[in-house]
Trainee: 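The structure is given below, and queries will be raised subsequently.
From a predicted model like this one, the values you see are computed outputs, not experimental measurements. Just so we're on the same page: letters track the sequence lines, and every chain starts at 1.
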Amino acid sequence: MADYNPQEIEAKWQKRWAEARVFETEADSSKPKYYVLEMLPYPSGTMHMGHMRNYAIGDVVARVKRMRGFNVLHPMGWDAFGLPAENAAIKNNTHPRVWTNNNIAEFQRTLRRFGFSYDWRREISTCEPEYYRWNQWFFLRMLERGLAYRKKSRVNWCPKCCTVLANEQVVNGGYCWRHEDTLVESRELEQWFLKTTAYADQLVDDLKELEGSWPERVITMQRNWIGRSEGAKLKFVVADVKGAPPIEIFTTRIDTIYGATAIILAPAHPLVAKLLDDSPNRAEAESQLAQMKQSSVKTADLATAEKVGFFTGHHATNPFSGEKIPIWVGNFVLMEYGTGAIMAVPAHDERDFEFATKYNLPKPAVVTSSKPLSAETAGQPKDFRENAVGSEGAPPPVSERGSSDSRTSFSGAVEQPFTEYGLSTNSGAFSGLPSRIAIEKMTAFAEKKGFGRREIVFRLRDWGISRQRYWGTPIPVVYCPDHGLQPVPYEDLPVLLPPNPKLTGEGESPLAATPEFVKASCPKCGGPARRETDTMDTFVDSSWYFYRYCDPHNEKAPFDSVKVGYWFPIDQYIGGITHAILHLLYSRFWCKVMRDLGLVGHNEPISRLFTQGMVQKGGVAMSKSRGNVVGAIDMAEKYGADTGRLYTLFAAPPEKDLEWSEESIEGSWRFLNRVFRLVDKHAAAVRDSKDWNFDPKGMTDKERDLIRVTYQTMTRVTQDFEKRWHFNSAIAQIMELTNEIYLAEPLENGVRPEIRKEVLQILTLLLAPMTPHIAEEMWEMLGNTDGLSNAPWPILAGEQLELAKDNELEIPVQVNGRVRTTLKVPAGATEADVAAKAKADAAVARHVEGKRIVKQIYVPNKLLNLVVQ
RNA sequence: GCCCGGGUGGCGGAAUGGCAGACGCUGAGGACUUAAAAUCCUCCGGGGAUUUUUCCUCAUGUGGGUUCGACUCCCACCCCGGGCACCA
């Protein structure tokens, strides 16, 4: 009799796995491949159970697939560049590399302690020159293709990070993603960008390939983020300023143009200054503008902020109606989106409505609901067509608005903006057309007349990758006084980080303050040149790391395309919802760039994505800053890795948040002890037994019952693993099987050793993906000498299929949908058999008595329902 | 405001049209023990009737609907969580 000793067992098997190299893998075209990956961790301090859950889920998948005969790639590495390392280094007066490597060592020790089945030979660390040189290599390739460029622009600056942030890193309407209490400032800086917008269309369109295998909300979030909107750009001529260029506006609702009562410019619009030069109330307007520009820095409550604006004193001409409408400046118009100018249609846009109400602009209605006979439209004629003209029609006359148009109920003002599609009205020759058709015809008209064109506008902007910090990939370019910007030649890569930077966390970038780094020579003339001192956003590192796993030690290229061709795309990616936009969008972009460089042959890098829930304690996510973490190593020391793994899988389905409970984990610990005792008790008797031959002859009832429940459990557990990822209910089934075996004790009475062996082996195999150490140990105790990790997953075949079937069924009998009794009937009983037996049953008879059976519903082997009146 | 999730015992959760509450935690009782721990067994949604057995009834956020039958499908609403939010 041995006690379950997880510390001993777990160390023993981890050593054996490493010695036998069971998780090391190579491309092998004779086997189906399976690439399962958990998102690469940022190694920060100690690992807690929130991290652990992610890896536990991935490891179950990897182990199940391995047992099912797949060639499994399951690697791990480190997202090792980043600000926390630099900040910690400043604080402790050490080097970021020291802090980072200590953390990596700690994380690695923890992951090894949990026995995850990684191929550790493939481990990568993004802060190593062997890795980041390929960031630089990709950058140069993008530079050649015009996908990397430099421009001066307004950027998001986090005063705490002392660096710029990408748009994606600005959260909660204007705060830093790393410092949620810090407002992001707006600064004008010269920055490096990657042209994500060049792939905007593909990034939206290819989301279709992911439908059904990525979580719907991730797809929606990406689609919203890219924000493609189809509309038209139109030119409005400034009527009363000589030499002023026309104002270009973007609209998705060209059909509402007859209702435009103002042009509104963004405060930062280049034309504003010119218009004000010539403005009667120039001084006042300029002070308002200054105020507006200042307050627009605070983007925090932008959506709720009041709309303010002022009249420039000038007018523009509506190209459709010929009407002169005032040009305003408004704080709610964004320079970054569209053209930085809009036409305001108060009757059909909520924002314009609000603005017009405040400043008393007219709100003529030009679209009416097409829904028949609503209260508003009841009085309207049904056929608007008589007023409509084809696209060949002449430019429409200026519409006569107001009470003169007795054919509609609109009298020039609306109570509420009507923003839906409907029928055009008061729109000259386009009146009466459904909105969709009006949009088409009016766009065509504008194109024909040359004052507008069809246009697609994206919310997505280019990815700003410049960071003014040390601990990242240097951008490989130099600036020569004579030859300007020069890429570092490929053969000179990597551009190494200087080993001993001065890190202060203040002022300019640390690299700029390191003269030996800045000093360079021009690749063209050899003369003195200045090296670029920005480093890359760390999301560059994580955009392609999963390719490097396929070929981690390649010194000639980021990877061998043949190897990537074998492993890609990733079959299953697992990580938190927090990366729904940033990491996953950049990765998709990177993949498309690599495809166009001829490096990979697929459109999308990740076939299936799973976003697991968080581990919480006290109702909030575990995090160091909240101080509510349960350390993974502590867990392993107290209960062992298997108990920790089992509990995180059992306590909640993987997609849901999990509330950590110290009490509940005891249950998982008890269960493993219970299973271990069972195997231990029978090991001696079973170890040398021959395998069972599945011969049903001569089986005792006890044997049959035990085998039946075992096989049924096996089938259900397999389904939970493969089809539904319901690990919690898989574990529940295994617990139930264990309980059944206990109730059949003592097994020595009436259960032959070979049948006991069959039952206990299946129990062990079912547990193996989740609690691999104890399973290996029990597998060995049961007399197996080959390891469990590549043992075939148990599947019912031949005689076993018969043995799994119930020979007696319990059929609930309902009367009018309420269960009145359950009947035991032999398997294969017909409807007539069941009905006859039911009607003879006293409990049923009580409810049927005196009534007429009007209907009888029988679901074979499931249920009988008698409908009575 | 818009778009996703979700709402089931004291708790985590199970059941995706067919016996609601599997499995686990907590709690109660029993067995073993000198005793304790560990272990093993039994019970554990509410109300009522009957009294060691069993039966009835209510109950899956609320109100309707579809169906022989609804936690599950449809409609409306309430609450909780998350995402997006002047994107023209």
Trainee: For B:rU67 and B:rG48, measure between their P atoms and round to the nearest Å.
Mentor: 36 Å
Trainee: Which is true for A:Val813 with a 4.0 Å heavy-atom rule: it touches a base, it touches only sugar-phosphate, or it touches nothing?
Mentor: nothing
Trainee: Please determine, for the side chain of A:Arg724, which listed nucleotide (B:rA15, B:rC19, B:rA88) has the closest atom?
Mentor: B:rA15
Trainee: Return whichever of A:Asn728 or A:Asn224 has its heavy-atom-nearest nucleotide of RNA chain B closer to the 5' end.
Mentor: A:Asn728
Trainee: So if I take every side-chain heavy atom of A:Lys855 and compare against B:rG18, B:rC68, B:rA88, which nucleotide ends up nearest?
Mentor: B:rC68
Trainee: Decide if atom NZ of A:Lys702 counts as having more than 12 heavy atoms of other residues, nucleotides or ligands within a radius under 6.0 Å.
Mentor: yes
Trainee: Rounded to the nearest Å, what distance is computed from the CG atom of residue A:Asp657 to the P atom of nucleotide B:rG83?
Mentor: 11 Å
Trainee: Side chains of A:Phe332 and A:Glu354, heavy atoms from C-beta outward: is any pair under 4.5 Å?
Mentor: no
Trainee: Among B:rA88, B:rG18, B:rC23, which nucleotide has an atom closest to any side-chain atom of A:Asn739?
Mentor: B:rC23
Trainee: Just checking, is any N or O donor in the side chain of A:Asn224 or A:Arg459 under 3.5 Å from an acceptor N or O on the other one?
Mentor: no
Trainee: Determine the Euclidean distance between corresponding C1' atoms of B:rC84 and B:rG13; express it in Å to zero decimal places.
Mentor: 31 Å
Trainee: Which nucleotide wins on minimum distance to the side chain of A:Arg670, given the candidates B:rA88, B:rU39, B:rG24?
Mentor: B:rU39
Trainee: Taking B:rA59 as the reference, what is the distance to B:rC19 when you measure between their C1' atoms (whole Å, please)?
Mentor: 15 Å
Trainee: Suppose you measure atom C1' in B:rG65 against the same atom in B:rU51; what distance do you get, rounded to whole Å?
Mentor: 42 Å
Trainee: Could you check whether A:Glu659 gets within reach of a base, just the sugar-phosphate, or nothing at all, counting any heavy atom under 4.0 Å?
Mentor: nothing
Trainee: Measuring to OP1 and OP2 of B:rA88, would you say a side-chain N or O of A:His348 lies under 4.0 angstrom away?
Mentor: no
Trainee: Taking for each residue the nucleotide of RNA chain B with the nearest heavy atom, is it A:Thr251 or A:Leu866 whose nucleotide lies nearer the 5' end?
Mentor: A:Leu866
Trainee: Can you tell me how far P of B:rG5 sits from CH2 of A:Trp214, to the nearest Å?
Mentor: 18 Å
Trainee: Name the pairing partner of B:rG12, where a pair is Watson-Crick or G-U wobble with both distances under 3.5 Å, or state none.
Mentor: B:rC23
Trainee: From B:rC86, B:rC41, B:rG12, pick the nucleotide closest to the side chain of A:Ala651?
Mentor: B:rG12
Trainee: For B:rA37 versus B:rG18, give the span between their C1' atoms, rounded off to a whole number of Å.
Mentor: 46 Å
Trainee: With syn defined as a glycosidic angle within 90° of 0 and anti as everything else, classify B:rG9.
Mentor: syn
Trainee: Taking the side chain of A:Thr220 as its heavy atoms from C-beta onward, which of B:rU57, B:rC3, B:rA88 lies nearest to it?
Mentor: B:rC3
Trainee: Can you tell me how far P of B:rC19 sits from CG of A:Asn865, to the nearest Å?
Mentor: 11 Å
Trainee: Given B:rU57, B:rA22, B:rU26, which nucleotide is nearest the side-chain atoms of A:Ala732?
Mentor: B:rA22
Trainee: How many Å lie between CZ on A:Phe727 and C1' on B:rG12, as a whole number?
Mentor: 18 Å
Trainee: Tell which nucleotide pairs with B:rU39, taking only Watson-Crick or G-U wobble pairs whose two distances are both under 3.5 angstrom.
Mentor: B:rA31
Trainee: Is there side-chain contact between A:Arg588 and A:Leu207, with at least one heavy-atom pair below 4.5 Å?
Mentor: yes
Trainee: For A:Ser424 and A:Asp255, does a side-chain donor sit closer than 3.5 Å to a side-chain acceptor?
Mentor: no
Trainee: Between A:Trp660 and A:Tyr647, does the ring centroid distance fall short of 6.0 Å?
Mentor: yes
Trainee: Can you tell me if the side-chain N/O atoms of A:Arg818 get under 4.0 Å from OP1 or OP2 in B:rA70?
Mentor: no
Trainee: Between B:rA15 and B:rG7, how many Å separate the two P atoms, rounded to a whole number?
Mentor: 12 Å
Trainee: A:Val819 near the nucleic acid: base, sugar-phosphate alone, or nothing, with a heavy-atom cut-off under 4.0 Å?
Mentor: sugar-phosphate
Trainee: Nearest whole angstrom, please: distance from the P of B:rC25 to the CD1 of A:Ile665.
Mentor: 12 Å
Trainee: Is the shortest side-chain N/O distance from A:Arg820 to OP1 or OP2 of B:rC19 below 4.0 Å?
Mentor: no
Trainee: Any non-hydrogen side-chain atom of A:Ile257 less than 4.5 Å from a side-chain atom of A:Phe236?
Mentor: yes
Trainee: Ignoring hydrogens and angles, state whether a donor on the side chain of A:His726 or A:Gln733 is under 3.5 Å from an acceptor on the partner side chain.
Mentor: no
Trainee: Tell me the interatomic distance from A:Asp720, atom CG, to B:rC23, atom P, rounded to whole angstroms.
Mentor: 15 Å
Trainee: Measuring only the C1' atom in each nucleotide, how far is B:rG10 from B:rU16? A whole number of Å is fine.
Mentor: 27 Å
Trainee: Nearest to the side chain of A:Arg217, heavy atoms from C-beta on, is which of B:rG82, B:rU26, B:rA20?
Mentor: B:rG82
Trainee: How close or far is atom C1' of B:rG24 from atom CZ of A:Arg674, stated in whole angstroms?
Mentor: 12 Å
Trainee: Return the value, rounded to whole Å, for the distance between atom NE2 of A:His726 and atom C1' of B:rC23.
Mentor: 15 Å
Trainee: Nearest to the side chain of A:Phe650, which nucleotide is it out of B:rC40, B:rG12, B:rU57?
Mentor: B:rG12
Trainee: Using atom C1' in both nucleotides, what's the gap between B:rC73 and B:rU66 to the nearest angstrom?
Mentor: 8 Å
Trainee: Categorize A:Glu745 for me: base, sugar-phosphate, or nothing, with a 4.0 angstrom heavy-atom threshold over every strand shown.
Mentor: nothing
Trainee: From C-beta outward on A:Lys656, which listed nucleotide comes closest to its side chain: B:rA15, B:rG13, B:rA22?
Mentor: B:rG13
